[in-house]
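Everything numeric in this text was worked out from a predicted model, so none of it was measured.
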Amino acid sequence: MSANEVRISVFIDGIMDKMKYLDILNKILKQSAQKLSLVSNSIFQQDNDLKHTTEIVKLWLLYKYKMRLHTPPQSPDLNVIQNLRSKLEISAQKHNIRNKEHLKTVVQEEWAKLTPQATQTLVNSIPCRLEAVLKSKGYATKY
C-alpha cells in the first residue's frame, strides 16, 4: 500500500509461517513497490508478528529493504493495513458468501474499490499514530 493506492493482494491457503511470509516478500514486495511507483527512499512497515520478526526475515529485510519503520511490540495502532482489513471485512459481510472462491472474488472486488483518499488518509495518520504511541509509552491509543 502507498499513500495513493493499494495494488497486489495475496491469498494464503493454510497457515502463514515465516517461510510463506519470506516467499511473499521475495515474490511480491519488489513487484508491488514497482507497481506503486515507490521510490528507493520509501519506508517498509510491518507489525511485530512472530513470523515477521524471525531471524531469517530480519536478515532478508536487512539486505533487501534498508528503510524500515521499527515499531514497539504490541502496537497494532501503527499498522494501517488493519484499518483496510476491517473495511474489507465489513464490505464482505454485505455479500452472501457461498464458498472460499466466492470470498476471494468479493475481497478482490472490494480491494479494487479502495480509493486513493482512503489510503492517503491512513498514510497521513502515521505521524499522529507515532506520537500517540510515544505518549502512551507503547500502550493502546485511539487508533
(Q) Would Lys113 and Glu109 count as a salt bridge (charged side-chain N to carboxylate O under 4.0 Å, His left out) here? Give the steps. (A) CA-CA 7 Å; Lys113 292 178 187 176; Glu109 289 170 358; 5.9 Å; no

Quick one: side chain to side chain donor-acceptor pair (under 3.5 Å) partners of [X], sequence neighbours excluded?
| X | result |
| --- | --- |
| Trp60 | Asn26 |
| Gln120 | Asn124 |
| Glu89 | none |
| Ser125 | Arg129 |

Do [X] and [Y] belong to the same hydrophobic cluster, where Ile, Leu, Val, Met, Phe, Trp and Tyr are linked whenever their side-chain heavy atoms lie under 4.5 Å apart, directly or via other members?
| X | Y | result |
| --- | --- | --- |
| Trp111 | Ile90 | no |
| Leu59 | Leu25 | no |
| Ile12 | Leu29 | yes |
| Leu130 | Ile81 | yes |
| Leu134 | Val80 | no |

Nearest 0.5 angstrom please: [X] [atom1] to [Y] [atom2], how far?
| X | Y | atom1 | atom2 | value |
| --- | --- | --- | --- | --- |
| Asn79 | Asp47 | CG | CG | 5.0 Å |
| Lys142 | Ser136 | NZ | OG | 12.5 Å |
| His95 | Glu110 | NE2 | CD | 4.0 Å |
| Leu88 | Arg85 | CG | CZ | 9.5 Å |
| Ser9 | Leu84 | OG | CG | 11.5 Å |
| Leu103 | Gln108 | CG | CD | 10.0 Å |

Q. side-chain contact (heavy atoms from CB on, under 4.5 Å) between Thr53 and Val57: does it pass, once the steps are laid out?
A. CA-CA 6 Å; Thr53 58; Val57 172; over 6 Å; no

Q. Should we count CD1 of Ile56 as having more than 12 external heavy atoms under 6.0 Å?
A. no

Q: For Phe11, look at atom CZ and say whether over 12 heavy atoms of other residues, nucleotides or ligands are found less than 6.0 Å away.
A: yes

Q: Taking side chain to side chain contact (heavy atoms under 4.5 Å, CB included) as the test, write out the residues that go with Asp23, two or more places apart.
A: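 Side chain to side chain contact (heavy atoms under 4.5 Å, CB included) list for Asp23, sorted by chain: Lys27.
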
Q) Between the side chain of Thr105 and the main-chain N/O of Glu101, is any donor-acceptor distance below 3.5 Å? A)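 It does hold such a pair.
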
Q. Distance-only, no hydrogens or angles: does the Ser86 side chain make a donor-acceptor pair with backbone N or O of Gln82 under 3.5 Å?
A. no

Between side-chain atoms of residues 15-22 and protein atoms elsewhere (two or more places apart, or another chain), which donor-acceptor pairs fall under 3.5 Å?
from, atom 1, to, atom 2, distance (Å)
Asp17, OD1, Met19, N, 3.1
Asp17, OD1, Lys20, N, 2.8
Lys20, NZ, Asp13, O, 2.6
Lys20, NZ, Ile15, O, 3.3
Tyr21, OH, Gln46, OE1, 2.3

Q. Looking only at heavy atoms, what is the nearest atom pair of Val106 and Ala92, with distance?
A.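 Of all heavy-atom pairs spanning Val106 and Ala92, the closest is CG1-CA, 4.0 Å.
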
